[in-house]
Protein chains: 2
Amino acid sequence: MATKETKDSGIQPPRTLDGQLCFALYSANLAMGKVYRQLLAKLDLTYPQYLVMLVLWERDGVTVSELGDKLFLDSATLTPLLKRLQAAGLVARNRSTQDERQVIVTLTDEGRALQAKAADVPVDLFCAMDCDVETLGGLKAQLEMLRSNLSDAAK
Amino acid sequence: MATKETKDSGIQPPRTLDGQLCFALYSANLAMGKVYRQLLAKLDLTYPQYLVMLVLWERDGVTVSELGDKLFLDSATLTPLLKRLQAAGLVARNRSTQDERQVIVTLTDEGRALQAKAADVPVDLFCAMDCDVETLGGLKAQLEMLRSNLSDAAK
DNA sequence: GCTAATTCAATTGCAAGCGATTGAATTGTG
DNA sequence: CACAATTCAATCGCTTGCAATTGAATTAGC
């Protein structure tokens, strides 16, 4: 055999930077982060903090684990992030009385009020992406499939 | 006007977590990072470090700025990363004699030797993604377009 | 030739992100 | 009931990623 081949397929994955899908994913994500940083600056939120607020605006009063399941993050990331949101006066953290292991995250009045100020964010971001809706929808579906496959592969 | 609309388009970008392309991008990138962390553990590299090595394996002896242009990263990220690669014995960092402001990054013998050990990484990752090549190619092109558009939007 | 503007890497301070571990609370099993 | 296993949040240590700044080297303008 002259060159290494992918199992059973005979396909050659690219070995250079430019050829790799993963680098495109990585750098698109970085670029998205920069746009969000600008858009969210007026709300004093980072993108992961904004994601937590999105979850809470949809359904208030969730545990750290539930947040983690929705956002694919664990407590090592969420606990300090939630403390910062608490310090900013946007959420409260309270132990569940039913199960003292769980911490319930709740919106404060200020946190609820922030939703109105954040209304423009999805619109502005949609404009920044400058794509037609069909493309974005297809891209979203493919990325979700990719995330699912990669999650399965990672143990 | 009953609801806010995207400029001139009448289109409603999604406001919930599940609806957002950006979250799909963000979480797919996190999932990719976890797979790479496992694959690269045997090489003692992180994914950004691996990207730097990819660049150097393609063309040895590049400046920090050139690395930054290729990887869309700046010196605040690259300098400490390169110092870690240097501490690991994979690269050397030397001031250019032509222009003392520039730092030239060069592979050591050990760094060059690592390329052989990394040969399986793209293959393994391709398997982990579990997609056909056409899908991956299309996805890569769309992500590159998205990155470009977002970069333009961010200042 | 001299000063102003620019370029380049480095540094600082902060916020993720995660592997690994800890400790408390709960559940399961005999 | 007892006690082992599990679940859950928190903590530690490390590596990105970046805005802002610094300081040195180079280039441009006069």
Side-chain angles (χ1 to χ4, degrees), chain A residues 23 26-38 40-41 43-52 62-69 71-88 91 93-105 150-151 154-155, chain B residues 23 26-41 43-52 62-69 71-88 91 93-105 151 154-155:
Chain A
F23 177 64
Y26 169 80
S27 55
N29 183 62
L30 288 185
M32 185 201 70
K34 285 176 204 188
V35 173
Y36 265 114
R37 196 168 300 117
Q38 292 186 2
L40 295 174
L43 307 178
D44 274 308
L45 288 177
T46 65
Y47 180 61
Q49 289 169 8
Y50 170 69
L51 290 179
V52 168
V62 295
T63 66
V64 176
S65 307
E66 286 168 344
L67 275 174
D69 290 342
L71 302 179
F72 307 108
L73 296 171
D74 74 346
S75 69
T77 300
L78 286 172
T79 297
L81 187 156
L82 291 168
K83 284 185 177 178
R84 282 186 283 269
L85 287 179
Q86 184 179 30
V91 307
R93 294 159 63 242
N94 296 105
R95 292 270 164 193
S96 162
T97 49
Q98 280 76 33
D99 186 338
E100 290 278 348
R101 292 171 303 179
Q102 297 183 333
V103 167
I104 314 283
V105 183
L150 288 168
S151 295
K155 200 178 49 64
Chain B
F23 177 65
Y26 169 80
S27 54
N29 182 61
L30 289 185
M32 185 200 70
K34 286 176 203 189
V35 173
Y36 265 115
R37 196 169 299 117
Q38 292 187 2
L39 291 179
L40 295 174
L43 307 179
D44 275 307
L45 289 177
T46 65
Y47 181 60
Q49 289 169 7
Y50 171 69
L51 290 179
V52 168
V62 296
T63 66
V64 176
S65 306
E66 286 168 342
L67 275 173
D69 290 342
L71 302 178
F72 307 108
L73 296 171
D74 74 346
S75 69
T77 300
L78 286 172
T79 296
L81 187 157
L82 291 169
K83 284 184 178 179
R84 283 186 282 269
L85 287 179
Q86 183 178 31
V91 307
R93 295 159 62 243
N94 296 104
R95 292 271 165 192
S96 163
T97 48
Q98 280 78 32
D99 185 339
E100 290 278 347
R101 292 171 302 179
Q102 297 183 335
V103 168
I104 314 282
V105 183
S151 295
K155 197 181 55 61

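Keep in mind that this is a model prediction, so the values were computed, not measured. Quick note on labels: first sequence line is chain A, next is B, and so on, each numbered from 1.
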Novice: Which atoms form the tightest heavy-atom contact between B:F72 and A:L30, and what is the distance?
Specialist: O-CD1, 4.2 Å
Novice: Measure from CD on B:E66 to P on C:dT7 and round the result to the nearest Å.
Specialist: 16 Å
Novice: Mind checking A:Q98 for me? I need base, sugar-phosphate or nothing, with any heavy atom below 4.0 Å counting as a touch.
Specialist: sugar-phosphate
Novice: Check the distance between D:dC8's P and A:N94's CG and give it to me in whole angstrom.
Specialist: 18 Å
Novice: Generate the contact string for nucleotides 12-20 of chain D. Rules: B means base contact, S means sugar-phosphate contact only, - means no protein heavy atom under 4.0 Å.
Specialist: B--SBBBB-
Novice: Rounded off to whole Å, could you give me the CG-to-P distance for the B:N29 and C:dA16 pair?
Specialist: 16 Å
Novice: To check you understand the geometry: which heavy-atom pair defines the closest contact between B:N29 and A:Y26, and what is its length?
Specialist: OD1-CA, 3.4 Å
Novice: Test of understanding: with side-chain hydrogen bond (donor to acceptor under 3.5 Å, both in side chains), list the residues that count as partners of A:E100, not counting sequence neighbours.
Specialist: none
Novice: Keeping the roles fixed (side chain from A:R95, backbone from A:R101), state whether a donor-acceptor pair exists under 3.5 Å.
Specialist: yes
Novice: Starting at CZ of A:R101 and ending at P of C:dA25, how long is that distance when rounded to a whole Å?
Specialist: 10 Å
Novice: Could you tell me which residues satisfy salt bridge (charged side-chain N to carboxylate O under 4.0 Å, His left out) with A:D69, sequence neighbours excluded, listed by chain and number?
Specialist: none
Novice: Whole-Å distance between C:dA10 P and B:L78 CG?
Specialist: 10 Å
Novice: Can you check the B:R95 CZ to C:dT7 P distance for me, whole Å?
Specialist: 17 Å
Novice: Return the minimal non-hydrogen interatomic distance between B:V64 and B:L78, and the atom names on each side.
Specialist: O-CD1, 3.6 Å
Novice: Just to confirm, is there a sub-4.0 Å distance from OP1 or OP2 of C:dA16 to any side-chain nitrogen or oxygen of A:K83?
Specialist: no
Novice: Rounded to the nearest angstrom, tell me the gap between atom CG in B:D99 and atom C1' in C:dT6.
Specialist: 12 Å
Novice: What is the distance, to the nearest angstrom, from the CG atom on A:L82 to the P atom on D:dC8?
Specialist: 16 Å
